[in-house]
Amino acid sequence: TLEIMTWNIENFPANPFGTPATVADLIASLDVDIVVTQEIASETAWAELTARLADTYDAVLSTHQYSQTEYPKICVTDRRGLVTAGEPTPMCPADSYAFPRPPLLLPITVDGETLHLVGVHLKCCGEPGDAERRQAAIQALETRFRGQVDNGGEDQIVLLGDYNQNLDE
């Protein structure tokens with residue numbers, strides 16, 4: 001089996017329980033193959049965390065940045081020896097309405113099969129228009145991947161992350 005998990009870690013490492021050591025221990029104890037994490041707010045803390053996991057996991061951090069001081073990123077951590085990651089690509093960087101945080105596309109290969117792993121972190125909170133922005137994001141992703149599949153491109157796609165939507169809405 002291939003076990004994949006997503007986790008919005010909330011401005012890592014700002015949360016007192018989100019220290020690099022604690023998060024590394026948790027990821028190791030869960031024994032999952034891929035973890036897609038949202039809101040990596042410190043590249044230094046992330047480097048410490050990935051160093052703690054280096055015997056078992058590789059990690060890819062998105063390259064986008066909102067401003068000089070703000071850059072909650074998406075990261076993919078994958079089990080070495082099982083998953084081989086390709087080149088990460090931030091998607092939709094020009095569409096700040098639907099994607100204030102660009103999705104991260106990462107081609108991965110598992111047991112000789114390639115698929116597109118896409119991590120998202122959609123617009124959050126209850127401000128007027130936020131639900132419409134999330135809907136626009138989902139529609140843009142559906143259009144992009146439907147076109148990709150219909151034109152003979154990669155059809156193995158895993159889309160996961162923080163949709164910032166309650167299931168009862």
Side-chain angles (χ1 to χ4, degrees), residues 1-15 17-66 70-93 99-124 134 137-138 140-142 144-146 148-149 152-165:
T1 64
L2 179 67
E3 296 181 5
I4 303 174
M5 173 184 133
T6 186
W7 181 9
N8 182 328
I9 199 165
E10 295 190 28
N11 293 310
F12 174 79
N15 183 318
F17 303 106
T19 67
T22 303
V23 173
D25 287 348
L26 182 60
I27 290 172
S29 71
L30 289 171
D31 198 33
V32 295
D33 302 314
I34 300 172
V35 181
V36 178
T37 314
Q38 301 83 40
E39 292 196 31
I40 306 305
S42 167
E43 291 182 22
T44 303
W46 191 252
E48 180 183 340
L49 186 154
T50 57
R52 290 174 177 276
L53 294 170
D55 290 342
T56 310
Y57 291 93
D58 292 315
V60 174
L61 188 63
S62 64
T63 58
H64 83 278
Q65 185 168 334
Y66 297 131
E70 187 179 28
Y71 49 89
K73 297 174 180 272
I74 295 175
C75 179
V76 177
T77 308
D78 59 79
R79 185 178 304 280
R80 183 177 296 127
L82 175 67
V83 178
T84 304
E87 251 338 277
T89 306
M91 297 174 53
C92 315
F99 298 103
R101 297 170 287 255
L104 177 66
L105 169 65
L106 184 67
I108 62 169
T109 304
V110 179
D111 290 334
E113 296 289 326
T114 299
L115 59 95
H116 282 173
L117 183 70
V118 182
V120 299
H121 187 191
L122 300 185
K123 180 70 176 109
C124 78
R134 290 189 294 274
I138 294 299
L141 289 166
E142 197 279 335
R144 185 207 192 272
F145 290 117
R146 176 69 49 215
Q148 175 178 310
V149 170
E154 181 59 57
D155 64 353
Q156 301 295 316
I157 303 162
V158 177
L159 177 66
L160 72 164
D162 186 350
Y163 291 85
N164 275 308
Q165 187 73 34

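We count residues from 1, following the sequence as given.
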With sequence neighbours excluded, tell me which residues meet side chain to side chain donor-acceptor pair (under 3.5 Å) with Thr63.
none
Member of Leu106, Ile74, Val76 meeting the side-chain contact (heavy atoms from CB on, under 4.5 Å) criterion with Ser62:
Ile74
CG on Leu26 to CH2 on Trp7, rounded to 0.5 Å:
4.5 Å
Do the side chains of Phe12 and Pro20 get nearer than 4.5 Å, heavy atoms only?
yes
List in chain and number order the residues that pass ring pair (Phe, Tyr, Trp, His ring centres under 6.0 Å) with Phe99, two or more places apart in sequence or in another chain; answer none if no residue qualifies.
none
What's the separation between atom CG in Leu105 and atom CD in Glu154, rounded to the nearest 0.5 Å?
10.0 Å
Go through Leu141 and Leu159 one step at a time and tell me if the side chain to side chain contact (heavy atoms under 4.5 Å, CB included) criterion holds.
CA-CA 9 Å; Leu141 289 166; Leu159 177 66; 4.1 Å; yes
Hey, are the side chains of Arg134 and Asn164 touching, using non-hydrogen atoms and a 4.5 Å cut-off?
yes
Considering all heavy atoms, the nearest Leu104-Pro90 contact:
CD1-N, 4.4 Å
Does some side-chain heavy atom of Ile27 sit less than 4.5 Å from a side-chain heavy atom of Tyr57?
yes
Arg144 side, atom CZ; Met91 side, atom CE - distance, nearest 0.5 Å
4.0 Å
Run the side chain to side chain contact (heavy atoms under 4.5 Å, CB included) test on Leu2 and Asp111 for me, step by step, so that the C-alpha distance in whole Å, both residues' side-chain angles and the decisive distance to 0.1 Å come before the verdict.
CA-CA 10 Å; Leu2 179 67; Asp111 290 334; over 6 Å; no
Does a side-chain heavy-atom distance below 4.5 Å link Thr37 with Val23?
no
When you check the side-chain N and O atoms of Gln38 and Thr6, is any donor under 3.5 Å from an acceptor?
yes
Side chain proximity check, Val60 to Glu87, heavy atoms < 4.5 angstrom
no
Which residue pairs pass the salt bridge (Lys or Arg N to Asp or Glu O under 4.0 Å) test when at least one of the two sits in residues 24-41, sequence neighbours left out?
Asp31-Arg79, Asp33-Arg79
For Pro13 and Ser42, work out which heavy atoms get closest and say how close.
CD-CB, 3.5 Å
Taking every non-hydrogen atom, the tightest pair across Pro103 and Val120
CB-CG1, 3.9 Å
Across all chains, not counting sequence neighbours, the side chain to side chain donor-acceptor pair (under 3.5 Å) partners of Glu142 are Arg146
Pairs touching residues 44-60 that satisfy salt bridge (Lys or Arg N to Asp or Glu O under 4.0 Å), sequence neighbours left out
Glu48-Arg52, Asp58-Arg80
Set of side-chain contact (heavy atoms from CB on, under 4.5 Å) partners for Val158, sequence neighbours left out:
Ile4, Leu115, Leu117, Leu160
CD1 on Ile34 to CD on Glu3, rounded to 0.5 Å
10.5 Å
Distance in Å, Leu61 CG paired with Thr50 OG1, rounded so as to fall on 0.5 Å steps
8.5 Å
